[in-house]
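See below for the structure under consideration.
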Amino acid sequence: MRKKIVAGNWKMNTTIDEGLQLAREVNRLVDNDPGDVLVIVAPPFSHLSEIKKVLSVVALSAQNCASENRGAFTGEVSAEMIKSTGAEYVIIGHSERRTLFREEDEILLKKVKLALESDLIPIFCCGEKLSEREQGKHFITVQDQLASTLFMLEDKNFRQIIIAYEPVWAIGTGLNATPEQAQEMHEFIRRLIGQHFNTDISDAASILYGGSCKPSNAKELFDNPDVDGGLIGGASLNANDFFAIVKSI
Ligand code: 13P
């Protein structure tokens, strides 16, 4: 059976002290009531090594990595550096990175490869904008995003990846995809993986949903057969809300 995963993307929130408090609380809740869900938190870069020290049953992720490993790239943080903090995962291709920082598929593929070389597991985001959905282009948009990035990988590398489907119109808007919309896209993504690689690989791939997922809607989203968990933004900043989402699987 494929892994169930709930990951909290904190985005650019919390000071180190606030982050430590949140991480400790999430770790305590999971430790007191463990299940078979992999729980991951993704704090800002600056917090990673401190937060690593307070986690025992929760895994650690970065929110981005550089597309180069070393050198004169002022302000960038490489996959190798992230790995050295004790983090095991890295979010790549979040829509905020694609839109606000103009990260394109070619750059994202470089990041994925460098992450894998540094033994980090990419949580790779894809998803359409509102205009693309309104024009009925949501499937082809996601297909193109995968074709020019993850589908360029060899089988053994692709197997490592966690995919997050995050429709851009649902991120931070309070307007989540309906369970039906999530299921049909996750099923579509799984079918593409099966066609491009094989069905052993598509059956084993964890595909998370992200976009206004909260305690009140997590269960109906996660109850779908192709939704293997969630990538949570706003609701991951409150330990009780985040844990309620974890418990919805
Ligand atoms: P929200 O849960 O705040 O909509 O954010 C989702 C997201 O972008 C997670 O990466």
Side-chain angles (χ1 to χ4, degrees), residues 4-14 18-19 22-23 26 37-45 47-48 58-65 82 87 89-101 103 108 111-112 115 120-130 132-133 138 141-142 145-146 149-150 161-179 181-182 185-186 189 206-222 224 227-249:
K4 300 279 186 193
I5 302 168
V6 175
N9 175 8
W10 296 3
K11 307 191 179 181
M12 198 174 72
N13 291 295
T14 73
E18 290 163 350
L22 177 56
V26 170
V37 183
L38 169 62
V39 182
I40 304 173
V41 291
F45 283 138
H47 305 14
L48 290 174
V58 170
L60 186 63
S61 176
Q63 300 173 14
N64 179 30
C65 66
I82 292 165
Y89 299 84
V90 57
I91 298 171
I92 295 176
H94 191 279
S95 78
E96 288 148 20
R97 302 293 321 169
R98 291 177 189 259
T99 311
L100 303 172
F101 302 95
E103 293 186 3
L108 299 178
K111 292 186 177 202
V112 166
L120 287 172
I121 297 178
I123 302 173
F124 187 85
C125 304
C126 58
E128 80 285 358
K129 299 189 182 104
L130 183 60
E132 290 160 336
R133 180 162 282 267
H138 41 298
T141 299
V142 170
Q145 287 172 342
L146 296 176
T149 55
L150 300 186
I161 311 268
I162 298 166
I163 294 178
Y165 168 58
E166 297 206 312
V168 180
W169 48 272
I171 296 176
T173 59
L175 180 71
N176 58 285
T178 64
Q181 287 170 327
M185 184 60 86
H186 283 229
I189 293 170
S206 291
I207 308 176
L208 316 184
Y209 168 79
S212 297
C213 184
K214 39 190 182 268
S216 58
N217 61 21
K219 184 161 171 34
E220 58 181 25
L221 287 161
F222 297 166
N224 288 293
V227 179
D228 306 306
L231 180 56
I232 318 301
S236 72
L237 295 172
N238 176 295
N240 290 318
D241 285 353
F242 184 58
F243 190 62
I245 294 172
V246 170
K247 286 299 174 193
S248 302
I249 292 209

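What you see below is based on every heavy atom in this structure, not just the backbone, and it leaves out hydrogens, waters and symmetry mates. Computed from a predicted structure; not experimentally measured. Counting starts at 1 for both ligands and their atoms, in listed order.
Looking at atom 9 (C) of ligand 1, its nearest protein heavy atom turns out to be Glu166 OE2, 2.9 Å. Remark: minimum distance from atom 3 (O) of ligand 1 to any protein heavy atom is reached at Gly234 N, 2.8 Å. The closest protein non-hydrogen atom to atom 2 (O) of ligand 1 is Gly233 N, 2.9 Å.
An N or O contact shorter than 3.5 Å is missing between Ile232 and ligand 1 by distance. Taking distance alone, with nitrogen or oxygen atoms compared against 3.5 Å, Asn9 approaches ligand 1 more closely than that limit. For Glu96, no nitrogen or oxygen atom sits less than 3.5 Å from a nitrogen or oxygen atom of ligand 1, counting backbone and side chain alike. Distances between N or O atoms of Gly172 and those of ligand 1 include at least one value under 3.5 Å. Ligand 1 has no N or O atom lying under 3.5 Å from any N or O atom of Ile171, backbone or side chain.
Annotation for ligand 1: atoms under 4.0 Å from non-hydrogen atoms of Gly211 are 4 (O), 6 (C). Listed by number with element, the atoms of ligand 1 under 4.0 angstrom from any heavy atom of Ser212 are 1 (P), 2 (O), 4 (O). Which parts of ligand 1 touch Ala170 is read off a 4.0 Å heavy-atom cut-off, strictly below it: atoms 4 (O). Listed by atom number, the atoms of ligand 1 under 4.0 Å from Leu231 heavy atoms are 9 (C), 10 (O). Against a heavy-atom cut-off of under 4.0 Å, His94 is close to the following atoms of ligand 1: 7 (C), 8 (O), 9 (C), 10 (O).
Here the side chains of Leu231 and Ile162 are not in contact, with every heavy-atom distance at 4.5 Å or above. Residues Asn64 and Glu103 are in side-chain contact: their nearest non-hydrogen atoms beyond the backbone lie under 4.5 Å apart. You'll find the side chain of Met185 reaches within 4.5 Å of the side chain of Ile189, heavy atoms only. A 4.5 Å side-chain heavy-atom check between Cys65 and Ile92 finds at least one atom pair inside the cut-off. For the pair Gln181 and His138, the minimum side-chain heavy-atom distance is 4.5 Å or more.
In this structure, Lys11 is part of the shell of residues with a heavy atom less than 4.0 angstrom from ligand 1. Under a 4.0 Å heavy-atom criterion, Ser236 is not in contact with ligand 1.
Annotation: side chain to side chain contact (heavy atoms under 4.5 Å, CB included) contacts of Ala87 (sequence neighbours excluded): Leu60, Ile82, Thr85. Applying the side chain to side chain contact (heavy atoms under 4.5 Å, CB included) criterion to Ala170, with sequence neighbours excluded, gives Pro167, Tyr209.
Just one residue in the list Ile5, Ile163, Val227 forms a side-chain contact (heavy atoms from CB on, under 4.5 Å) with Ser206, and that residue is Ile5.
The nearest pair of heavy atoms linking Pro215 to Ser248 is O-OG, 4.5 Å.
In the model, Gln63 has no side-chain atom that pairs as donor or acceptor with a side-chain atom of His94 under 3.5 Å.
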